Amino acid sequence: MSKVALTVNGKPVEVEVEHRTLLSTVLREALGLTGTHIGCDTSQCGACTVHLDGRVVKSCTVLAVQVQGQSVKTIEGLAPSFDASGARLHPVQQAFSECHALQCGFCTPGMIMAVTGLLQDHPQPDDQQIIHGLEGNLCRCTGYVNIIKAVKQAAQMMQA
Ligand code: FES
Ligand code: FES
């Protein structure tokens, strides 16, 4: 077992983990942040996507011992990072809601974390950049059309 100190959604935490424990397991089971979903555990679906030191990562592909001293943001930390009270949705969450970019919602937290990373790199993405940016995130329900609409609307909202 090892102790790992990290920051999660702006708060310092310390967890004791086995060397094989995944970051996704720590987030969900040790910290109760169940907005990070597990769809496959084999690095394919993107449901577990979070930000690690500002980079988009699939948390099922990261060992908890690797994140010593690093900063993780999950879907639970997204709205408060935009509006300190957390009372308002982040523009990407708002756009997903307004554009009906979800059905069952299982993929949505990971999709939204991937989109926020995409918009950091491409503040006004075209269709190809959106498709490329979300190729690691699978949705079984929406057909992606409304997800692409939501990304474009979020980009406009964030420019304004
Ligand atoms: S659970 Fe991590 S990619 Fe599917
Ligand atoms: S909304 Fe159901 S998997 Fe994406």
Side-chain angles (χ1 to χ4, degrees), residues 6-13 22-28 31-40 43-62 64 66-67 69-160:
L6 67 160
T7 302
V8 180
N9 298 331
K11 292 186 190 137
V13 296
L22 300 173
L23 176 59
S24 51
T25 305
V26 167
L27 294 173
R28 290 180 55 84
L31 303 177
L33 296 169
T34 53
T36 298
H37 290 168
I38 305 293
C40 67
S43 187
Q44 299 187 51
C45 73
C48 64
T49 302
V50 299
H51 295 181
L52 180 60
D53 278 351
R55 287 176 301 117
V56 172
V57 298
K58 293 178 177 178
S59 60
C60 78
T61 66
V62 179
Q66 291 177 287
V67 302
Q70 297 192 63
S71 179
V72 176
K73 188 188 288 179
T74 70
I75 190 71
E76 289 90 346
L78 194 60
S81 70
F82 166 70
D83 164 27
S85 70
R88 287 186 297 159
L89 293 176
H90 185 282
V92 176
Q93 293 172 308
Q94 186 75 33
F96 266 63
S97 170
E98 290 176 5
C99 295
H100 308 290
L102 60 144
Q103 290 185 33
C104 78
F106 191 84
C107 70
T108 308
M111 198 67 82
I112 285 175
M113 297 310 286
V115 171
T116 53
L118 168 68
L119 292 178
Q120 281 169 25
D121 295 338
H122 301 288
Q124 290 292 322
D126 60 26
D127 282 11
Q128 282 313 309
Q129 287 169 324
I130 296 169
I131 290 166
H132 180 68
L134 296 182
E135 66 187 3
N137 291 75
L138 304 181
C139 177
R140 295 282 183 179
C141 307
T142 66
Y144 299 94
V145 172
N146 286 357
I147 290 175
I148 293 172
K149 268 190 213 162
V151 176
K152 290 182 173 174
Q153 177 166 317
Q156 283 177 358
M157 291 162 78
M158 290 173 78
Q159 289 287 304

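Note that this is a predicted model, so its numbers are computed, not measured.
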How long is the straight-line distance from [atom2] of [Y] back to [atom1] of [X], given to the nearest 0.5 Å?
X	Y	atom1	atom2	result
L23	L52	CG	CG	7.0 Å
K152	I148	NZ	CD1	7.0 Å
K11	L31	NZ	CG	10.5 Å
T74	L33	OG1	CG	4.5 Å
R140	Q103	CZ	CD	14.0 Å
C99	Q153	SG	CD	4.0 Å

What's the shortest heavy-atom distance between [X] and [Y], and which atoms?
X	Y	answer
A64	V26	CB-CG2, 3.7 Å
L102	F96	CD2-O, 3.7 Å
T49	G46	OG1-O, 2.6 Å
I38	S24	CD1-CB, 3.5 Å
Q66	T61	OE1-O, 4.4 Å
I147	C139	CD1-CB, 4.2 Å

Does [X] use its side chain to pair, donor to acceptor, with the backbone of [Y] at less than 3.5 Å?
X	Y	value
Q120	G117	no
K58	G136	yes
T116	I112	yes
N137	C107	no
S59	C48	yes
H37	G39	no
D53	Q70	no
D126	Q129	yes
E76	G35	yes

Subject >> CA sep, side-chain torsions, deciding dist, call: V151, L134, side chain to side chain contact (heavy atoms under 4.5 Å, CB included) >> reply: CA-CA 10 Å; V151 176; L134 296 182; 4.3 Å; yes
Original post:
When you look at Q156 and Q159, which way does the side chain to side chain contact (heavy atoms under 4.5 Å, CB included) test go after all the steps?
Top reply: CA-CA 5 Å; Q156 283 177 358; Q159 289 287 304; 5.7 Å; no
Original post:
Stepwise, does the side chain to side chain contact (heavy atoms under 4.5 Å, CB included) test hold for Q93 with I75?
Top reply: CA-CA 10 Å; Q93 293 172 308; I75 190 71; 3.9 Å; yes
Original post:
Partners of H51 by ring-ring contact (aromatic ring centres under 6.0 Å, His included), sequence neighbours excluded?
Top reply: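 Checked H51 against ring-ring contact (aromatic ring centres under 6.0 Å, His included); zero matches.
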Subject >> Candidate pair I130 and H122, rule side chain to side chain contact (heavy atoms under 4.5 Å, CB included), full reasoning >> reply: CA-CA 9 Å; I130 296 169; H122 301 288; over 6 Å; no
Subject >> Pairwise side-chain contact, M157 with H90, heavy-atom cut-off 4.5 Å (strictly under) >> reply: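 Contact flag for M157/H90 side chains = no.
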